[in-house]
Chemist: 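My questions will all concern the structure given below.
By convention in this document, chain letters (A, B, ...) are assigned in the order of the sequence lines, proteins followed by strands, and residues within each chain are numbered from 1. All figures in this text were calculated on a predicted structure; none of them were measured in a lab. Side chains are part of it too, since the values below use all heavy atoms of this structure and drop only hydrogens, waters and symmetry mates.
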Amino acid sequence: MASGSSSLMWFRKGLRIHDNPALQHAAKESNCVYPVFVIDPYFMEPDPNAFSPGSSRAGLNRIRFLLESLVDLDSSLRQLGSRLLVLKGDPGEVIIRCLKEWEVKRLCFEYDTDPYYQALDIKVKNYASAAGIEVFSPVSHTLFDSAEIIQKNGGRPPLSYQSFLKLAGQPSWASSPLLTTLSWLPPVGDVGTCEISNVPTVKELGYEEIGQDESTPFKGGESEALKRLRESIRDKEWVANFEKPKGDPSAFLKPATTVLSPYLKFGCLSSRYFYQCLTDVYKNMKWHTSPPVSLVGQLLWRDFFYTVGFGTPNFDRMKGNRICKQIPWNDDDELLAAWREARTGYPWIDAIMVQLRKWGWMHHLARHCVACFLTRGDLFVHWEKGRDVFERLLIDSDWAINNGNWLWLSCSSFFYQYNRIYSPISFGKKYDPNGNYIRHFLPILKDMPKEYIYEPWTAPPSIQAKAKCIIGKDYPKPVVCHDSAIKECKRKLAEAYALNKRLDGSVTEEDLKKLRRKLEEDENPESNTSRTRQKLIG
DNA sequence: CTTAGGTTGCCCGG
DNA sequence: CCGGGCAACCTAAG
């Protein structure tokens, strides 16, 4: 590339300076670089009808996190003599217009495996190659190249973590240092007639501000990510001894994990840099934990789901998804709403759902509990409905990981032991017998004695009165009886699994309809979900 | 066909 | 805090 050419650096994820090969390439031998972020109405258009503030696809917490990340990126770019150019509109159209208007010779952006970006990137790449523009789109969001791993496995993604580990091996860059700083950037060129703005505020995007009590304590941006990374790895013993399943899901003043996931989601933190920092800590320790439970193991889980998601058509749906069991989930919007709005009557479940709405983040095991409760454990609601709620509200929501975990928790794929059900009463109690987590996120129950806080409907009326929390008035009764609900769910899953086995992966809508009818006919009236609900409410 | 392996269930007893 | 019993699934390898 001749000197005197201009490059366009298209930021989508990868909102960072460190370990950003696309940005490094854009800077190389260009006399000007246009760093662009496009505000995409698909994710950012306010939806007044959504069940909580935000757009139809993103809650306000994640939108704010993104804007904070952009402000931080802009400030870092300015320190390097550049700035962030923010544009609005359909990203494909906007980028193509910029390429034309600015006579860009080179387009650089991080490769993205999400279906939305796969479709978008094809359009832009097609235009660029027809116009003779060089396109550089490196894999740097993940540790490994998903396509390469799938190819190594004969064209199909590995479906277990262990087989993924064997295929993946050591990342190619593991032992060579990553470029973590830039000393300068070429200046931004003339922007012509393109409408450039600064990073907007939530208000400028058309959202009402929400109170601090309702918003996430986690701030977006690369600076915040690196600060959080340093704090996380400062305690070397903690890093070396980290075991994910041993973490306490009820810890909220000091979460049991790093809470780096939202930074990895937006690429404020490079997963590869995180990986190198962790292996550096391991080198100086006598012993350390290993995947799947170790911290490096968590990064590998992320890559595992990226790979399966990339290699599986219709990964985010039940229908047409090769690896997904076809299950006759019910379509009960009332139960879904009770779950989403934190009024199932199970304080452990509801507190987690409040933390989701307010913080946009919960511990991994807390996510397990509510996902299991919504789907195979208690309510038997379709996992896609829960997936949508998580996808919208989580500040770290990530297409591959979120869908992968919902497939997992609903026993639709990867994991099939549907008799192992999280108890909405005893699971939380074992970590937090006093119910401090519940008291914090559900203050209506703050004076409930600890003997009853996980099942307040069993508290005698005098105790409820003293705690100023009458069950059925101030806090709901349980929407279902857990003991009978799990029996029903297990029965339905056994039947559904048998059907999937019999029809060997070709279950039609008609087959599911038939099974639904059969399940209703066989239903034991005493453990009927709706009857149980009536019995408890009425 | 059998068998081993699969991130992370619950309950009980020591 | 750990181990075993409980009840018991699917998938992949041989």
Chemist: Tell me whether Asp333(A) is salt-bridged to Lys385(A), with the criterion being a basic N under 4.0 Å from an acidic carboxylate O.
Modeler: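 Looking at Lys385(A) together with Asp333(A), the answer is yes, because their closest N to O distance falls below 4.0 Å.
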Chemist: Please work out if Lys430(A) contacts a base, only the sugar-phosphate, or nothing of the nucleic acid, heavy-atom cut-off 4.0 Å.
Modeler: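 If one applies the 4.0 Å heavy-atom cut-off, Lys430(A) turns out to touch the sugar-phosphate alone, with no base involved.
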Chemist: Heavy atoms under 4.0 Å, any strand shown: does Leu365(A) hit a base, just sugar-phosphate, or nothing?
Modeler: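 Here Leu365(A) touches the bases of the nucleic acid.
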Chemist: Go nucleotide by nucleotide along DNA chain C from the 5' end; which of Gln417(A) and Leu159(A) gets its closest nucleotide reached first?
Modeler: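 Closest to the 5' end, via its nearest nucleotide, is Gln417(A).
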Chemist: Using the ring of each side chain (for Trp, its six-membered ring), is Trp339(A) parallel, tilted or perpendicular to Phe390(A), with breaks at 30° and 60°?
Modeler: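 Answer is parallel, since the angle falls under 30°.
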Chemist: Is Ser426(A) close enough to dG9(B) that one of its side-chain N or O atoms is under 4.0 Å from OP1 or OP2 there?
Modeler: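 Looking at the OP1 and OP2 atoms of dG9(B), neither is under 4.0 Å from any side-chain N or O of Ser426(A).
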Chemist: When Arg387(A) is tested against each of Asp316(A), Asn403(A), Thr375(A) for side-chain hydrogen bond (donor to acceptor under 3.5 Å, both in side chains), which residue passes?
Modeler: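 One option only clears the test, and that one is Asn403(A).
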Chemist: Taking atom C1' in both dA4(B) and dA8(C), compute the distance separating them and give it to the nearest angstrom.
Modeler: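 Those two atoms are separated by 15 Å.
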Chemist: Assign Ser160(A) to base, sugar-phosphate, or nothing according to its heavy-atom contacts below 4.0 angstrom with the strands shown.
Modeler: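 Since no nucleic acid heavy atom lies under 4.0 Å of Ser160(A), the category is nothing.
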Chemist: Measure the distance from CZ on Arg491(A) to P on dC9(C) and round it to the nearest whole Å.
Modeler: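 The distance from CZ of Arg491(A) to P of dC9(C) comes to 16 Å, rounded to the nearest Å.
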Chemist: So does His368(A) reach the base of dT7(B) with its side chain, donor to acceptor, closer than 3.5 Å?
Modeler: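 Checked by distance alone, the answer is no.
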Chemist: Does OP1 or OP2 of dG5(B) have a side-chain N or O of Lys166(A) closer than 4.0 Å?
Modeler: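 So the side chain of Lys166(A) is outside the cut-off, no N or O lying under 4.0 Å from OP1 or OP2 of dG5(B).
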Chemist: Which whole-number value in Å describes the distance from Trp301(A) CH2 to dG6(B) P?
Modeler: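 Atom CH2 in Trp301(A) sits about 10 Å away from atom P in dG6(B).
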Chemist: Could you state the CZ-C1' distance from Phe414(A) to dC9(C), rounded to the nearest angstrom?
Modeler: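 Checked: the CZ to C1' distance equals 16 Å.
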Chemist: Would you mind telling me which residue lines up with the more 5' stretch of DNA chain C, Tyr416(A) or Asn419(A), judged by nearest nucleotide?
Modeler: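 So the residue in question is Asn419(A).
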Chemist: Choosing from dA8(C), dT8(B), dT7(B), which nucleotide comes nearest the side chain of Gln162(A)?
Modeler: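 Of the candidates, dT7(B) comes closest.
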Chemist: Using a 3.5 Å limit on both pairing distances, list the dot-bracket string of DNA chain B from the 5' end; Watson-Crick and G-U wobble pairs count, crossing pairs take [ ], interstrand pairs take |.
Modeler: ||||||..||||||
Chemist: Check whether more than 12 heavy atoms from other residues, nucleotides or ligands sit under 6.0 Å from atom NZ of Lys446(A), and answer yes or no.
Modeler: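 Counting other residues, nucleotides and ligands, NZ of Lys446(A) stays at 12 neighbours or fewer.
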Chemist: Determine whether Asp332(A) and Leu379(A) make a side-chain contact, defined as any pair of heavy atoms from C-beta on separated by less than 4.5 Å.
Modeler: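 Not touching, per the 4.5 Å side-chain cut-off.
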Chemist: Determine the interatomic distance between C1' on dA12(C) and the same-named atom on dT8(B); round to the nearest Å.
Modeler: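 Going atom to atom, C1' in each nucleotide, I get 22 Å.
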